[in-house]
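Working notes, structure below.
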Amino acid sequence: MNAVPGSNEARVLLQGLYADMAPQHLYPLWEVLSALVTPTPRSAAQAHLWHYDAARAHLLRAGDLITAEQAERRVLILENPGLPGTSSVTTSLYAGLQLILPGEVAPCHRHTQCALRFVMEGDGAFTALDGERAVMRPFDLVLTPNWQWHDHGNDSSDPMIWLDGLDIPTVRHFAASFAERLPDGAMAHAETAPPGDTLARYGRNLRPFGGTAAARRPASLPLFHYPFAEWRASLAAMARADAPDPHLGHALEFVNPADGGPVMPTVAAHVRLLPKGFTTRPRQATDATVFVVVEGEGTARIGEQDFPPVERDLFVVPSWESLAIEARRDLVLFAYSDAAAQQKLGLWREARL
Ligand code: GTQ
């Protein structure tokens, strides 16, 4: 059966072809190409703001109903409203708020997902990484890189809440998830070093000299604790010395001292300070980004929408949505994204408008 390509008759015959192919899982690219290979990014993710106080109230209710041990991790997932049912905050990343009550332990496990913790509230609980505790204080950043044992506990007298940022959707995309618990039902890893040992060895532009025993941590990613007191002081010094970048404000990225790159292979993190009254120029980037307001308040204009976050609120900016931030008071932000992965893959782009 022949028909002139593009004629009505050909269109009818094509529908017949599609119907005959579909049972064999064969489909015509030409019907979907423009939606697959788009001239600019198109994300199903939506901009969204979570108010911390509301999320915290639900999390504390959960704290009355399930223990950290029963839950393994007692966490409320921040799910992007445009990605329902995926437990994703962006197409590649996960976000959740984790609660550990005084005396509780979140049992030791390891998995191929990389995680960061950003402390929202509480002082003195810990994450132990391969048996070394990082004592967590408000707005500290703590990493648990891929396949390293980690348990969490709270020896303080107050609830501890932190943001979990993981690459769960990325690992799911590659279908590369492995996870295990410590053998014999052990809850906590045996102590391998005193608290703060790694920070002292690797966190001050130093590293162990002259031998592998003292190196102790994996050479490719030794450091896992970035205390608030240190990063906040650096931002303040930068703000005293320079005018803010028009699109970012004062911004500092957390780096892996082993290679000067982002903190983990899939996840990058940075902080910003926008002086009171300053408004950034709009900027687009391919790395959808999760923000936490550490201090101050302002307005985040994401695309055409305005969001008014206050201290401890969280918001997400999808890929290639323009973002302009106005600081009503000095505004300090923490942010994480998949820029680390995109840069390795040659995908990352930004546009400064
Ligand atoms: O603390 O290991 O929010 O494995 C989700 C998965 C936290 C964790 C989460 C996890 C963890």
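Each ligand, and each atom within it, is numbered from 1 in the order the structure gives. What's counted below: heavy atoms across the whole structure, side chains too, no hydrogens, waters or symmetry copies. On a predicted model such as this, the values are computed, not experimentally measured, just so you know.
- With hydrogens left out, the protein atom closest to atom 6 (C) of ligand 1 is Leu166 CD2, 3.9 Å, a heavy atom.
- Residue His150 touches ligand 1 through its side chain alone, judged by heavy-atom distances below 4.0 Å.
- The protein non-hydrogen atom at the shortest distance from atom 5 (C) of ligand 1 is Tyr94 OH, 3.5 Å.
- Between Phe307 and Phe315, the distance separating the two ring centers is not shorter than 6.0 angstrom.
- Residue Val75 approaches ligand 1 through these ligand atoms, each under 4.0 Å from one of its heavy atoms: 3 (O).
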| task | Let me see the working for Thr127 and His152 under side-chain hydrogen bond (donor to acceptor under 3.5 Å, both in side chains), right down to the final yes or no. | result | CA-CA 4 Å; Thr127 289; His152 313 292; 2.9 Å; yes
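- Protein heavy atom nearest atom 7 (C) of ligand 1, with residue, atom name and distance: Asp164 OD2, 3.2 Å.
- Aromatic ring centroids of His150 and His111 lie under 6.0 Å apart.
- Tested against His109, the residues Glu180, Arg181, Glu72 include a single side chain to side chain donor-acceptor pair (under 3.5 Å) partner, Glu72.
- Salt-bridge annotation for Arg312 and Glu121: absent, with no side-chain N of the basic residue lying under 4.0 Å from a carboxylate O of the acidic one.
- Less than 4.0 angstrom separates some heavy atom of Gln98 from each of these atoms of ligand 1: 1 (O), 7 (C).
- Ranking protein heavy atoms by distance to atom 8 (C) of ligand 1, first place goes to Arg73 NE, 3.0 Å.
- Each of the following atoms of ligand 1 lies closer than 4.0 Å to a heavy atom of His152: 1 (O).
- With a heavy-atom cut-off of 4.0 Å, Arg117 touches ligand 1 through its side chain alone.
- A donor-acceptor contact shorter than 3.5 Å links the side chain of Glu104 to the backbone of Leu101.
- Seen from the ring of Tyr202, Arg207 does not count as a face-on cation partner, given the 6.0 Å and 45° thresholds.
- For ligand 1, the atoms lying closer than 4.0 Å to a non-hydrogen atom of His109 are 2 (O), 4 (O), 8 (C).
- Looking only at heavy atoms of the protein, atom 4 (O) of ligand 1 is closest to His111 NE2, 2.9 Å.
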